[in-house]
Amino acid sequence: MNWMRTAMAAFAALCLPLQAAFAAETAETEETLIKQIRAAAQQYDGIADRGVSQAPDLTQVRDLYLRILKQAAASGSHSQTMREMAEVYVLSGGEPGILANWKEGLDPGSTEGKIFEGVLAYGEGKTMDAETKLLRFDPVSMTPWRGGHLALAQALLTVRTDAKRAFHYLSIAALLLPGTLVEEAALRQSAILAARTAGAAEFSTAITAYFRRFPRSAYLPGFEGQAVFYIVRFGDKDGSRILQDLLYALPEGWGRCLSCFLTTIAEQALLTGKIELAGNASAAAMPLAASDSRERQRLLIYSGAAMFLGGKFQDGLASLNSVQPAKLSENDRSLLDATLAVTDKVRKTPVLLSQAERSAALRPVKGNRAFPVSGPEEAARRALAAAETTLNSAQ
């Protein structure tokens, strides 16, 4: 029997180096995969800053991330680091099925088990279950990468029922992961949430921070359109104050066409009866537009109409009469004609209109949404019809 024990001991001695080599190879494989995922995450964040490199396609980066996670699953990886990376993938909108590999051996009653189940519920669209499981955790107590993604998810879970709490989570997400796509998304969502809850000051802070922090984001053009929509949607004075704050903070703009941004605000403000905002936006944009440009001709229309409807009749008429129709598009010419028709109507009316009535002259009729994306000609027709109704009732 002694020879058998001796043989077994010798065999075990031979196996130990093999086991150590296998463990070392597994560790090396996982370390490599973790580095690859982190590199993919950097590409993901590159979407927020096209100046770093050409912005990658979000779908392609997500597919790359998923392929690496599948390699980790195939290699038998069950580490917490890799599991957290899989959770972040799901919190970022990825397919929740990938989490199945890391469920085995996880205690459902433990903190990690509860986070895991909450992330899975979030990925599967089980909102109530995700709220119950995830909102109990403090993202600040986690690593910044994990906590930042969790905070953004928590904000989206609370936005429908508790705007104040959602703002809190968004601010945490931005603070934990500055310069990343998480911060970029947090600022965008903060602006939209502020606009929907009529928080003019919060909205002003959010859009100013966004334009300053992410002037090269792949999402910037779309966000600019949203910013215009919401600035015009606020009341005339709030909209003017937001515009003033933005221009004070970023007088040179944010690397894109500032005059285009201001001209769009002026146009939409005029068509929705925000006379003060239309005048302020036009005044800010005028020095930026070339004297012979079509953009300047458009601004003369918006500025002139705003001055006229604001009571500066002579100045308004002078601006409108200085417009060169040949440089306008067909829609812009229709708007000019309608505006001149309104001014003619007002000048021939012996009754002085109030500011509210003058503003109503260019406000869309009830039932139409503010900020029309296109169709200035139709907006002009509505403006003229509204003006005629107001004037006839005043006589």
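Computed from heavy atoms alone, side chains included, the values below leave out hydrogens, waters and symmetry copies.
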Please give me the minimum heavy-atom distance between [X] and [Y], naming the atom from each residue.
{"X": "Thr339", "Y": "Leu335", "answer": "OG1-O, 2.7 Å"}
{"X": "Arg212", "Y": "Ala249", "answer": "NH2-CB, 3.6 Å"}
{"X": "Ala166", "Y": "Leu193", "answer": "CB-CD2, 3.8 Å"}
{"X": "Leu106", "Y": "Glu112", "answer": "CD2-O, 4.0 Å"}
{"X": "Ala285", "Y": "Ser259", "answer": "CB-O, 4.2 Å"}
{"X": "Arg256", "Y": "Pro221", "answer": "NH1-CG, 3.8 Å"}

With a 3.5 Å distance limit and no angle check, can you tell me whether [X] reaches the backbone of [Y] through a side-chain donor-acceptor pair?
{"X": "Ser204", "Y": "Ala200", "value": "no"}
{"X": "Ser319", "Y": "Leu300", "value": "yes"}
{"X": "Ser334", "Y": "Glu330", "value": "yes"}
{"X": "Gln244", "Y": "Ser240", "value": "no"}
{"X": "Thr208", "Y": "Thr205", "value": "no"}
{"X": "Tyr65", "Y": "Gln60", "value": "no"}
{"X": "Arg136", "Y": "Glu131", "value": "no"}
{"X": "Ser141", "Y": "Phe137", "value": "no"}
{"X": "Asp236", "Y": "Ile275", "value": "yes"}
{"X": "Lys274", "Y": "Val232", "value": "yes"}

Subject >> Side chains of Tyr89 and Glu95, donor plus acceptor under 3.5 Å >> reply: no
Subject >> Check: Trp254/Glu224 side-chain N/O donor and acceptor closer than 3.5 Å >> reply: yes
So, do [X] and [Y] sit near enough that their side-chain heavy atoms are less than 4.5 Å apart?
{"X": "Phe211", "Y": "Leu220", "answer": "yes"}
{"X": "Val323", "Y": "Arg298", "answer": "no"}
{"X": "Leu33", "Y": "Gln36", "answer": "yes"}
{"X": "Ile172", "Y": "Phe167", "answer": "no"}
{"X": "Val88", "Y": "Glu84", "answer": "no"}
{"X": "Leu336", "Y": "Pro325", "answer": "yes"}
{"X": "Asn321", "Y": "Leu340", "answer": "yes"}
{"X": "Thr180", "Y": "Trp145", "answer": "no"}

Subject >> CA sep, side-chain torsions, deciding dist, call: Asp245, Arg241, salt bridge (Lys or Arg N to Asp or Glu O under 4.0 Å) >> reply: CA-CA 6 Å; Asp245 291 345; Arg241 192 174 298 113; over 6 Å; no
**OP:** Check step by step if side-chain contact (heavy atoms from CB on, under 4.5 Å) holds for Phe223 and Ile207.
**Re:** CA-CA 9 Å; Phe223 182 73; Ile207 64 169; 3.8 Å; yes
**OP:** Could you check Leu262 against Leu247 for side-chain contact (heavy atoms from CB on, under 4.5 Å), going step by step and ending with a plain yes or no?
**Re:** CA-CA 10 Å; Leu262 295 171; Leu247 292 175; 4.2 Å; yes
Are [X] and [Y] connected in the hydrophobic side-chain network, where two residues link if heavy atoms are under 4.5 Å apart?
{"X": "Leu152", "Y": "Leu175", "value": "no"}
{"X": "Trp102", "Y": "Tyr122", "value": "yes"}
{"X": "Tyr302", "Y": "Met307", "value": "no"}
{"X": "Phe116", "Y": "Leu69", "value": "yes"}

Measuring from [X]:[atom1] to [Y]:[atom2], what's the distance to the nearest 0.5 Å?
{"X": "Ile265", "Y": "Asn280", "atom1": "CD1", "atom2": "CG", "result": "10.5 Å"}
{"X": "Glu117", "Y": "Leu99", "atom1": "CD", "atom2": "CG", "result": "9.5 Å"}
{"X": "Ile34", "Y": "Met82", "atom1": "CD1", "atom2": "CE", "result": "4.5 Å"}
{"X": "Arg165", "Y": "Leu157", "atom1": "CZ", "atom2": "CG", "result": "9.5 Å"}
{"X": "Ile192", "Y": "Leu187", "atom1": "CD1", "atom2": "CG", "result": "11.5 Å"}
{"X": "Ile115", "Y": "Leu120", "atom1": "CD1", "atom2": "CG", "result": "13.5 Å"}

Subject >> Residue Gln80 excluded, over 12 heavy atoms near CD under 6.0 Å >> reply: yes
**OP:** Give a yes or no on this: more than 12 heavy atoms of other residues, nucleotides or ligands lie within 6.0 Å of atom NZ of Lys327.
**Re:**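 Yes.
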**OP:** May I ask you to check whether Phe203 and Phe234 place their ring centers less than 6.0 Å from one another?
**Re:** yes
Original post:
How about Phe214 and Tyr219: are their ring centroids closer than 6.0 Å?
Top reply: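 Centroid distance Phe214-Tyr219: not below 6.0 Å, so no.
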Subject >> Carboxylate-amine/guanidinium proximity below 4.0 Å for Arg296 and Asp292 >> reply: no
Original post:
Can you list the steps and then say if Met128 with Thr132 is a side-chain contact (heavy atoms from CB on, under 4.5 Å)?
Top reply: CA-CA 6 Å; Met128 298 298 293; Thr132 302; 5.5 Å; no
Original post:
Lys237 and Glu276: salt bridge (Lys or Arg N to Asp or Glu O under 4.0 Å), yes or no, with the steps?
Top reply: CA-CA 7 Å; Lys237 291 191 177 300; Glu276 181 180 344; 3.5 Å; yes
Subject >> Identified side-chain contact (heavy atoms from CB on, under 4.5 Å) counterpart of Pro139 within the set Arg146, His149, Gln154 >> reply: Gln154
Original post:
When you look at Ser190 and Glu202, which way does the side-chain hydrogen bond (donor to acceptor under 3.5 Å, both in side chains) test go after all the steps?
Top reply: CA-CA 8 Å; Ser190 294; Glu202 292 84 355; over 6 Å; no
Subject >> Derivation and outcome, side-chain hydrogen bond (donor to acceptor under 3.5 Å, both in side chains), residues Arg294 and Ser329 >> reply: CA-CA 8 Å; Arg294 175 190 160 194; Ser329 68; 3.3 Å; yes
